[in-house]
Amino acid sequence: MRRGITLLELLLVAALLAVIASLAAPPLGRAFSSVKLRRTGDEVLAAWTEARNTAIHSGRVHQFRFEPGTARYQVSVWASEESESSASETGGTDSISLADAKDATDPEIVFESGQLVDEQSRDRSSTEPSEVVSLKSSGGEEWSRPLLFFPNGTTSDATITLKNKYDKYLRLHLRGLTGVGRKSAVLTRTEWDEAQDR
């Protein structure tokens, strides 16, 4: 005599599988969020490399800007205040429009903050440290101050922090003299706070 599976047994197995899946989902979500954070960091580093290469090949200064608290960033030709005023007089500018801004791959990962070594205060002959300023715009604009990529291969010296919804952080550092970007390991809130104090 063959014995089959009853509907009650099938429902019991399905309920057990649902309970096990709900218990396993949060740890897996956190693990995958660190991978996504690193992948978004790689995406920003690639945008920096592209901006630097484009600046070298075109002979024009390029900029990288981000919108704090969002996943939006843009790479464009940099227009100084003087060239912006002359461009508005002549009726055009080379700067990319905000409609051309890109969103990072994962919208849950946002630009948290950034610091920039102020180029105006940098004096290579001086032993005094350069002034470090926040990348957040002081003029009430949505976009950060620009990271600049120069035709000679040098860049702004800056650090940017990405954050995900689990309060994990990734620091991206752009070395001004060489134009090389690198990323940290994924940091907890405590580790990030300690890194900010340094």
Side-chain angles (χ1 to χ4, degrees), residues 18-52 62-76 98 101-122 128-149 154-198:
V19 168
I20 291 170
S22 67
L23 292 175
L28 287 176
R30 289 180 198 270
F32 285 127
S33 71
S34 293
V35 171
K36 289 178 181 179
L37 188 58
R38 285 192 293 272
R39 188 175 59 217
T40 303
D42 289 338
E43 182 183 333
V44 173
L45 291 176
W48 288 355
T49 301
E50 182 182 348
R52 181 174 179 260
H62 279 65
Q63 67 180 350
F64 173 92
R65 298 175 82 184
F66 63 90
E67 191 176 349
T70 71
R72 296 180 69 203
Y73 67 90
Q74 67 174 340
V75 176
S76 63
L98 296 185
K102 298 178 186 176
D103 285 330
T105 306
D106 191 336
E108 293 180 347
I109 297 171
V110 298
F111 290 96
E112 176 69 10
S113 64
Q115 294 179 330
L116 176 71
V117 175
D118 188 8
E119 300 296 327
Q120 307 299 327
S121 71
R122 182 183 288 182
E128 295 289 320
S130 300
E131 181 183 353
V132 176
V133 296
S134 172
L135 276 171
K136 290 186 178 178
S137 176
S138 58
E141 292 181 20
E142 292 180 353
W143 294 92
S144 69
R145 294 181 184 189
L147 300 182
L148 301 179
F149 297 83
T154 61
T155 65
S156 299
D157 200 352
T159 301
I160 290 178
T161 304
L162 299 173
K163 175 189 171 190
N164 68 15
K165 66 180 181 178
Y166 296 107
D167 276 344
K168 299 283 186 176
Y169 298 84
L170 185 75
R171 295 184 75 179
L172 303 173
H173 181 71
L174 182 62
R175 177 110 165 89
L177 190 57
T178 60
V180 174
R182 60 183 164 82
K183 64 181 178 182
S184 70
V186 175
L187 307 170
T188 63
R189 178 66 192 206
T190 306
E191 293 167 334
W192 183 73
D193 287 338
E194 289 171 1
Q196 290 293 94
D197 292 339
R198 282 186 248 149

What is the ring orientation for F111 with Y73, classed by angle as parallel under 30°, tilted 30 to 60°, or perpendicular over 60°?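 Because their plane-to-plane angle is over 60°, the rings of F111 and Y73 count as perpendicular.
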Once salt bridge (Lys or Arg N to Asp or Glu O under 4.0 Å) is applied, do any residues pair with K168, and if so which ones, sequence neighbours excluded?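 K168 satisfies salt bridge (Lys or Arg N to Asp or Glu O under 4.0 Å) with no residue once adjacent residues are dropped.
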Any heavy-atom pair between the side chains of [Y] and [X] that's under 4.5 Å?
X	Y	value
L147	T155	no
Y166	L37	no
D167	W192	no

Quick check for you: to the nearest 0.5 Å, what is the distance between [X] atom [atom1] and [Y] atom [atom2]?
X	Y	atom1	atom2	result
W48	L174	CH2	CG	5.0 Å
R171	L162	CZ	CG	11.5 Å
L170	S34	CG	OG	9.5 Å
H62	S76	NE2	OG	7.5 Å
L148	R65	CG	CZ	10.0 Å
S144	Q63	OG	CD	8.5 Å

For the student: nearest non-hydrogen atoms of F149 and A51, plus distance: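 In this case the closest contact between F149 and A51 is CD1-CB, 3.8 Å.
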Which atom pair, heavy atoms only, marks the closest approach of R175 to T178?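 Smallest interatomic distance, heavy atoms only, reads CG-OG1, 3.4 Å.
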Between the side chain of S156 and the main-chain N/O of A158, is any donor-acceptor distance below 3.5 Å?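 The answer is no, because no donor-acceptor pair under 3.5 Å joins these two groups.
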Which residue is it: E191, R189, E112? I am looking for the one with a side chain to side chain donor-acceptor pair (under 3.5 Å) to Y169.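 Answer to the side chain to side chain donor-acceptor pair (under 3.5 Å) test with Y169 among E191, R189, E112: R189.
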Tell me, with the steps shown, if E50 and V75 meet side chain to side chain contact (heavy atoms under 4.5 Å, CB included). CA-CA 9 Å; E50 182 182 348; V75 176; over 6 Å; no
Ionic contact status for R38 with D42, cut-off 4.0 Å: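 Looking at D42 and R38, the cut-off is not met.
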Can you list everything that forms a side chain to side chain contact (heavy atoms under 4.5 Å, CB included) with R182? Sequence neighbours excluded, please.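 Counting only residues at least two positions away or on another chain, R182 forms a side chain to side chain contact (heavy atoms under 4.5 Å, CB included) with H173.
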